[in-house]
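Chain naming here is simple, since letters A, B, ... match the order of the sequence lines and numbering starts at 1 in each.
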2 protein chains.
Amino acid sequence: MPDDALQTTEDAPIKLGELTNGLGFLIRIAQVKLFENFFEHLGEYGLKPGEFTVLWVIGLNPGLRQGTVANTLHIKPAHMTKLTGRLVERGLVSRATPADDRRAVRLSLTPEGQKFVDSKKDAFLNHNFDEKEALSPEEAEQLISLLRKFTGLNACP
Amino acid sequence: MPDDALQTTEDAPIKLGELTNGLGFLIRIAQVKLFENFFEHLGEYGLKPGEFTVLWVIGLNPGLRQGTVANTLHIKPAHMTKLTGRLVERGLVSRATPADDRRAVRLSLTPEGQKFVDSKKDAFLNHNFDEKEALSPEEAEQLISLLRKFTGLNACP
DNA sequence: AGAAATTAGTTTACGCGGAAACTAAATGAG
DNA sequence: CTCATTTAGTTTCCGCGTAAACTAATTTCT
């Protein structure tokens, strides 16, 4: 009999103490929840959150340099190389070496990439809203606002 | 000349669009910030956030089963085995196989482990407060409260 | 101009965390 | 009691993300 409530092991009331006030801990748990939700809803498209985000940013800033994307999204250069490679292989992104600085790599969406972003945009950007079950719309707005302040993402055009 | 402001690549104003409203994105950025801060302040002790958390929970619930810790902290069993192994190797945790169920593993802090938790407790649990530069104390409290609600961690003894 | 230093990105090697397969112990059906 | 099933952890294997070393292009210094 398949039981989806995996109440494994014992049931003693675990004490977490002040841990539940730890921002780091809470963020990690929230992260896990969002990750699960992402794959449940958007996993079918075969892209991971970071890949989708990169696609989105390239779409908004065509010809952006790879390193700039990496800095902006806090992705390490080494990882960025691989991530870009995956998107190129899927035919969603194209690389270009500009003549004025031949070390650089500039990224753009291919027509397919653009089409993909256009069609999946809403599912991607609004997928969080499904997730805020536990929060009222106002609370959700507040949470986002506080996080934006915490991360220093208020000064953005 | 060492320059700590790594304003690499170009300086065009990158558009992020609705991304800055994305809970998933914000959580990730916050995660990165907290991670950096953790290692900056607590890295010297040679423990990672998850390890410290496990130590803390075992300290509060001596003799807890390994699987219960894993479930509670959303750590996968396979990983839990390795993580516990590391803590045992460092002499902070001891494993015990109870007679009533010899498949289980029960965890406790060694005296050293207890001493470690006692002495580092404040640095660990309050290290977030250094981090809330951008937020007023009230905002920080609010953020934590909202996250606790979002993650469903209100019903905890 | 030519050597030294910086900068952009890639390659290599490695540790962490996870899925799947596996071992061992406890429970259940006949 | 014996065989099948379930449960607790472990082991194996793999991909992701990172640090460190490396290549190539650009800039700076003299």
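- With C:dA8, C:dG17, D:dT10 as the candidates, the nucleotide lying closest to the side chain of B:Pro77 is D:dT10.
- Residues meeting the salt bridge (Lys or Arg N to Asp or Glu O under 4.0 Å) test with B:Arg103, sequence neighbours left out: B:Asp101.
- For residues 93-103 of chain A, proximity to DNA chain C is found at A:Arg95, A:Arg103, defined as any non-hydrogen atom under 4.0 angstrom from a strand atom.
- Of the residues in residues 44-62 of chain A, those lying under 4.0 Å from DNA chain D by heavy-atom distance are A:Lys48.
- Applying the ring pair (Phe, Tyr, Trp, His ring centres under 6.0 Å) test to pairs two or more places apart or on separate chains, those with a residue in residues 52-95 of chain B are B:Phe52-B:Phe116, B:Phe52-B:Phe124.
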Practice problem: Take A:Asn61 and A:Leu107, measure what side chain to side chain contact (heavy atoms under 4.5 Å, CB included) needs, and give me the verdict at the end. | Solution: CA-CA 9 Å; A:Asn61 307 270; A:Leu107 302 175; over 6 Å; no
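- Between B:Arg90 and B:Glu112 there is no salt bridge, since none of the side-chain N atoms of the basic residue sits less than 4.0 Å from a carboxylate O of the acidic one.
- The only option from A:Lys82, A:Lys120, A:Arg86 that meets the salt bridge (Lys or Arg N to Asp or Glu O under 4.0 Å) definition with A:Glu51 turns out to be A:Arg86.
- Partners of A:Glu36 by salt bridge (Lys or Arg N to Asp or Glu O under 4.0 Å), not counting sequence neighbours: none found.
- With sequence neighbours excluded, the residues forming a ring pair (Phe, Tyr, Trp, His ring centres under 6.0 Å) with B:Phe39 are B:Phe35, listed by chain and number.
- Regarding contacts with the backbone of D:dG17, a side-chain N or O of A:Arg86 is found under 4.0 angstrom from either OP1 or OP2.
- Of all nucleotides listed (C:dG18, C:dT11, D:dG9), C:dT11 comes nearest to the side chain of A:Ala78.
- Each of A:Ala104 and B:Lys82 has a nearest nucleotide on DNA chain C; the 5'-most of these lies closest to A:Ala104.
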